[in-house]
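Everything on this sheet refers to the single structure shown next.
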Amino acid sequence: MKAIGLIFILLFELVIQATFFQFMSINGHYPDLVLITLVVIGVFYEKEASWKYGFIIGVLRDILFGRVFGVYALSYTLAIVTVSWIGKNIFKESFAAPVILFPIGVVMMHALVYFTHYLLRMAIPMGDYISNFGILYWVINLPALLVIYTLLRMLRHKGILLNM
């Protein structure tokens with residue numbers, strides 16, 4: 001049941017990002033709630049348990065909003081496995097873990113998306129793509145990361161979600 005709750009949270013975040021946040025963005029930027037939540041899941045879970053969330057939400061994103069099926073399923077899955085693998089030795093109850101691992105997840109996920117689109121000859125110029133991840137992107141996402149990490153950590157301690 002807890003896995004269903006996480007999938008519902010991720011799906012809700014995906015829909016909010018694709019609809020509401022498009023109108024409430026700051027200079028075209030808004031919090032990447034799905035990737036933030038996946039990084040937090042990667043911090044809390046081992047890679048054997050966490051990859052499923054990245055794959056499922058990636059497939060849903062591909063179905064609902066993707067141009068090519070499988071791009072986000074692959075990129076989210078590999079990003080969360082990488083975060084889980086790196087994060088297994090970091091103290092999971094520290095704010096440092098998601099703050100350190102979020103940039104790794106962002107770079108991994110978006111590099112895979114860009115590379116896949118590049119191979120399919122659908123990519124935008126790399127300079128334009130990289131410019132999306134300027135200081136404003138990080139300023140918007142860091143507070144969202146801390147809020148989501150705090151909420152999921154609290155739910156984990158209460159045994160509602162992410163209970164290992």
Side-chain angles (χ1 to χ4, degrees), residues 1-87 98 101-145 147-149 151-152 161-162:
M1 187 62 176
K2 294 174 186 181
I4 301 285
L6 280 174
I7 296 298
F8 179 74
I9 289 170
L10 287 165
L11 183 59
F12 177 74
E13 291 173 346
L14 182 64
V15 170
I16 291 294
Q17 276 183 212
T19 57
F20 181 69
F21 280 5
Q22 299 296 321
F23 301 107
M24 302 301 289
S25 64
I26 300 171
N27 199 22
H29 295 285
Y30 50 86
D32 193 350
L33 299 178
V34 173
L35 187 56
I36 290 170
T37 303
L38 287 174
V39 167
V40 172
I41 290 169
V43 168
F44 285 136
Y45 278 135
E46 295 296 322
K47 66 181 181 222
E48 292 79 16
S50 63
W51 71 269
K52 299 169 194 167
Y53 297 106
F55 180 75
I56 291 169
I57 199 64
V59 167
L60 291 173
R61 181 170 179 174
D62 285 331
I63 290 170
L64 296 173
F65 309 110
R67 296 186 335 189
V68 178
F69 184 76
V71 172
Y72 286 99
L74 175 67
S75 61
Y76 279 148
T77 303
L78 291 178
I80 196 169
V81 166
T82 302
V83 166
S84 293
W85 182 71
I86 293 171
L101 294 173
F102 180 66
I104 294 169
V106 168
V107 169
M108 180 86 174
M109 192 282 250
H110 287 288
L112 286 167
V113 168
Y114 183 83
F115 183 68
T116 305
H117 283 138
Y118 177 79
L119 290 177
L120 296 172
R121 300 189 184 273
M122 298 170 56
I124 60 173
M126 186 177 280
D128 293 343
Y129 194 76
I130 291 174
S131 69
N132 290 329
F133 304 102
I135 200 86
L136 186 57
Y137 175 85
W138 300 104
V139 167
I140 290 172
N141 279 289
L142 185 60
L145 172 69
V147 168
I148 289 174
Y149 177 77
L151 289 172
L152 291 181
L161 289 176
L162 297 170

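Owing to the predicted nature of the structure, the values given are computational and were not obtained by experimental measurement.
A pairwise comparison of heavy atoms in Ala79 and Gly105 identifies CB-O, 3.9 Å as the closest pair. Minimum heavy-atom separation, Asn132 to His29: O-CE1, 2.8 Å.
At least one donor-acceptor pair closer than 3.5 Å links the side chain of Asn141 to the backbone N or O of Tyr137. A donor-acceptor pair under 3.5 Å is formed between the side chain of Ser84 and the backbone N or O of Gly42. Looking at Tyr53, its side chain never comes within 3.5 Å of a backbone N or O of Ile7 through a donor-acceptor pair. A donor-acceptor pair is defined here as one N or O able to donate and one able to accept, closer than 3.5 Å; no such pair exists between the side chain of Arg61 and the backbone of Val71.
Side-chain atoms of Tyr129 and His117 include no donor-acceptor pair closer than 3.5 Å. When only modelled atom types and interatomic distance are considered, Thr37 and Glu13 share a side-chain donor-acceptor pair under 3.5 Å.
Residues Thr116 and Val68 have side chains not in contact (no heavy-atom distance under 4.5 Å, counting atoms from C-beta outward). In this structure the side chain of Met24 never reaches within 4.5 angstrom of the side chain of Tyr30, judged on heavy atoms. Counting only heavy atoms from C-beta outward, the side chains of Leu6 and Tyr45 approach each other to under 4.5 Å. Looking at Pro98 and Leu101, their side chains never come closer than 4.5 Å, going by heavy atoms from C-beta outward. In this structure, Leu33 and Leu14 have side chains that are not in contact, with every pair of non-hydrogen atoms separated by 4.5 Å or more. Residues Tyr76 and Ile57 meet the side-chain proximity criterion, which asks for heavy atoms closer than 4.5 Å. Side-chain contact between Ile41 and Leu10: present, with at least one pair of heavy atoms (C-beta onward) separated by less than 4.5 Å.
Residue Leu11 holds its CG atom at 6.0 Å from CG of Leu60, rounded to the nearest 0.5 Å. Once rounded to the nearest 0.5 Å, the distance linking OH of Tyr72 with CG of Leu112 reads 11.5 Å. Interatomic distance, CG of Asp62 versus OG of Ser75, reported as 7.5 Å (0.5 Å rounding). Within the model, atoms CG of Asp32 and NE2 of His110 stand 5.0 Å from one another, a figure rounded to the nearest 0.5 Å. Taken from CD1 in Ile80 to CE in Met109, the straight-line distance is 11.5 Å, to the nearest 0.5 Å. Between atom CD1 of residue Ile148 and atom CD1 of residue Ile36 there is a gap of 5.0 Å, rounded to the nearest 0.5 Å.
Atom CZ of Phe65 is surrounded by more than 12 heavy atoms from other residues, nucleotides or ligands within 6.0 Å. Other residues, nucleotides and ligands contribute at most 12 non-hydrogen atoms within 6.0 Å of the CD1 atom of Ile135. A 6.0 Å sphere centred on CZ of Phe21 holds more than 12 heavy atoms belonging to other residues, nucleotides or ligands.
In this structure, the ring of Tyr149 has its center less than 6.0 angstrom from the ring center of Phe44. Note: Trp138 and Phe102 meet the aromatic proximity criterion, with ring centroids under 6.0 Å apart.
Applying the side chain to side chain contact (heavy atoms under 4.5 Å, CB included) rule to Val107 yields no partners; only residues at least two apart in sequence or on another chain are considered.
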Using side chain to side chain contact (heavy atoms under 4.5 Å, CB included), reason through Val139 and Ile26 one step at a time and then give a plain yes or no. CA-CA 11 Å; Val139 167; Ile26 300 171; over 6 Å; no
Start with the C-alpha distance between Val15 and Phe20, add both sets of side-chain angles, then the distance that settles side chain to side chain contact (heavy atoms under 4.5 Å, CB included), and finish with yes or no. CA-CA 8 Å; Val15 170; Phe20 181 69; over 6 Å; no
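Between Phe8 and Phe12, the ring planes are parallel. Angles under 30° get that label, and only those over 60° would be called perpendicular.
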